[in-house]
Amino acid sequence: MIRRHAAACVLWGVLLAGGICPAMASNTPHVQLAESTVVQLQLDAPAFAPEKLKVTVYLPPDYARTRRRYPVLYANDGQDMAAVGLQSTLAGLYRLHTIEPVIVVAIDMLADRASAYGLSDRIASHSLVGGSPIGPIGTRAQDYSAWVASALVPYIDAHYRTRKSPRERTMLGWSLGALNAFNLGWQYPEVFGRVGAFSPSFWLAADRTNATTVQHTRLAQAMVDRGGKRAGLKMWFAVGTAEETKDRDGDGVNDTVDDVQDLLGGYRGADGFHARGLKQLGYSVDMDYAKHPSRLADASLFQLQGGVHNQASWKQMLPPFLLWAYGRHPVE
């Protein structure tokens with residue numbers, strides 16, 4: 001166990017230095033790279049017409065040489081893949097034979113990112129909208145989430161050799177994209193069995209009148225508090241310790257870290273207000289994945305020391321996430 005932990009730490013250090021039909025896809029140029037093939041698509045989604053959704057499919061190096069099927073990693077903010085080093089990170093992990101090959105499906109953000117990346121209530125079929133300094137967040141989250149789960153996933157399964165089970169599908173995102181990635185896992189557990197959420201925007205609240213109302217009406221926290229355990233769903237959260245300095249509840253922990261910790265472990269305020277977290281729903285929780293990386297926990301928190309809210313930090317979070325999601329050997 002010690003050797004595996006040490007090896008993982010060394011490896012991280014090294015790597016850190018609506019519906020769709022086939023006719024709706026535009027021309028799909030194939031760009032052959034040294035170690036992978038990239039397929040670029042433009043797909044229709046009726047809810048967002050006339051805007052098309054740009055999707056990039058990264059096929060693993062051996063895709064053309066075998067008939068095997070692959071797990072699939074779906075990712076929001078596909079336009080950021082170069083900045084977060086997706087291809088170089090995958091190539092390095094493949095060379096070291098530390099992860100199994102995976103198909104990555106990266107979805108570029110829509111023109112109005114803040115409207116699509118949010119939370120939804122699938123049963124009621126509506127978005128859960130929160131306020132922010134830039135305006136409402138998530139006004140079209142229901143449309144976007146339904147498109148990803150009900151249209152994009154079947155399209156990818158029909159056109160590529162995928163493993164068609166929830167445990168073989170992971171949803172990834174950062175910032176507001178991470179908020180939506182969590183939403184997709186939570187609302188569609190029969191589609192996505194794993195979630196990766198970097199710097200998730202769990203601050204989103206129904207009432208931003210003051211610090212107390214924000215603390216009491218955080219939408220993701222309320223979603224968990226009202227929910228039940230999703231059988232089989234596993235989650236990996238990552239935050240930077242220096243993402244911000246705000247501390248709305250005065251507990252000495254910055255809000256970004258605090259919001260994720262509360263969603264994992266539950267919240268109880270000095271005023272008596274409390275909300276359940278994943279732990280209270282019956283999930284096993286690892287609050288310090290960096291110290292003891294393991295896949296045994298249902299939900300894990302990785303804190304990147306000195307990490308801030310930007311692509312450079314998300315690039316550093318990517319290798320340990322990929323090892324958690326697709327590592328060839330047990331991480332325990």
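Numbers for residues simply follow the sequence, beginning at 1.
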Looking at [X] versus [Y], is the centre-to-centre ring distance below 6.0 Å?
| X | Y | answer |
| --- | --- | --- |
| F321 | W236 | yes |
| Y70 | Y160 | no |
| Y117 | Y144 | yes |
| H309 | W174 | no |

Do R161 and Y63 meet the cation-pi criteria used here (NZ or CZ under 6.0 Å from the six-membered ring centre, within 45° of the axis)? yes
Please determine if R218 forms a cation-pi arrangement with Y267, meaning its NZ or CZ atom is less than 6.0 Å from the six-membered ring centre and no more than 45° off the ring axis. yes
[atom1]-[atom2] distance between [X] and [Y], expressed to the nearest 0.5 angstrom:
| X | Y | atom1 | atom2 | answer |
| --- | --- | --- | --- | --- |
| S150 | R122 | OG | CZ | 6.5 Å |
| L43 | W147 | CG | CH2 | 5.5 Å |
| R268 | H274 | CZ | NE2 | 5.0 Å |
| N310 | Q316 | CG | CD | 9.0 Å |
| L119 | L179 | CG | CG | 4.0 Å |
| R95 | L90 | CZ | CG | 10.5 Å |

Keeping the roles fixed (side chain from [X], backbone from [Y]), state whether a donor-acceptor pair exists under 3.5 Å.
| X | Y | value |
| --- | --- | --- |
| Q280 | G265 | yes |
| R328 | T98 | no |
| N254 | T241 | yes |
| R276 | D225 | yes |
| S313 | V308 | yes |
| Q187 | S120 | yes |
| S127 | A141 | yes |
| D207 | T213 | no |
| D121 | A124 | yes |

Determine, step by step, whether K291 and D286 satisfy the salt bridge (charged side-chain N to carboxylate O under 4.0 Å, His left out) criterion, reporting the C-alpha distance in whole Å, the side-chain angles of both residues, the deciding distance to 0.1 Å, and the verdict. CA-CA 10 Å; K291 185 176 181 180; D286 176 2; over 6 Å; no
Would you call D255 and R248 a salt bridge, using N to O less than 4.0 angstrom? yes
For the pair D298 and K234, find out whether any cationic side-chain nitrogen is under 4.0 Å from an anionic carboxylate oxygen. yes
Beyond-backbone contact of [X] with [Y], side-chain heavy atoms, under 4.5 angstrom:
| X | Y | answer |
| --- | --- | --- |
| R230 | Y283 | yes |
| R113 | L176 | yes |
| W203 | V214 | no |
| D249 | D247 | yes |
| F182 | L263 | yes |
| L172 | L73 | yes |
| Q42 | K54 | yes |
| M223 | L219 | no |

What's the verdict on side-chain contact (heavy atoms from CB on, under 4.5 Å) for S199 and M317, showing C-alpha distance, side-chain angles and the deciding distance? CA-CA 10 Å; S199 307; M317 295 170 183; 4.0 Å; yes
Check against side chain to side chain donor-acceptor pair (under 3.5 Å), Q79 and D77: CA-CA 5 Å; Q79 74 287 341; D77 282 314; 2.9 Å; yes
Worked check of side-chain contact (heavy atoms from CB on, under 4.5 Å) between V153 and I156: CA-CA 5 Å; V153 169; I156 296 298; 5.9 Å; no
If we count only N and O atoms by modelled type, under 3.5 Å, do the side chains of Q40 and T56 hold a donor and an acceptor together? no
Between the side chains of H216 and D271, is a donor N or O closer than 3.5 angstrom to an acceptor N or O? yes
Report the C-alpha separation of I137 and V129 in whole Å, then their side-chain angles, then the decisive distance to 0.1 Å, and conclude whether the side-chain contact (heavy atoms from CB on, under 4.5 Å) test is met. CA-CA 6 Å; I137 302 292; V129 182; 5.9 Å; no
How about NZ on K229, more than 12 heavy atoms from neighbouring residues, nucleotides or ligands closer than 6.0 Å, or not? yes
In terms of heavy-atom contacts, does CZ of R68 have more than 12 from other residues, nucleotides or ligands at under 6.0 Å? yes
Please evaluate residues L233 and R194 with respect to the criterion side-chain contact (heavy atoms from CB on, under 4.5 Å), reporting the C-alpha separation (whole Å), side-chain torsions for both, the decisive distance (0.1 Å), and the verdict. CA-CA 6 Å; L233 180 62; R194 288 184 288 193; 5.8 Å; no
Go through it in stages, so that I can follow the logic: the residues are Y74 and F192, the test is ring pair (Phe, Tyr, Trp, His ring centres under 6.0 Å), and I'd like the CA-CA distance, side-chain angles, deciding distance and then a yes or no. CA-CA 9 Å; Y74 291 84; F192 298 101; 5.7 Å; yes
Listed by chain and number, what are the side-chain contact (heavy atoms from CB on, under 4.5 Å) partners of P71, not counting sequence neighbours? E100, V102, R163, E168, Y326
Counterpart residues, side-chain contact (heavy atoms from CB on, under 4.5 Å), relative to D143 (two or more places apart): A47, F48, R140
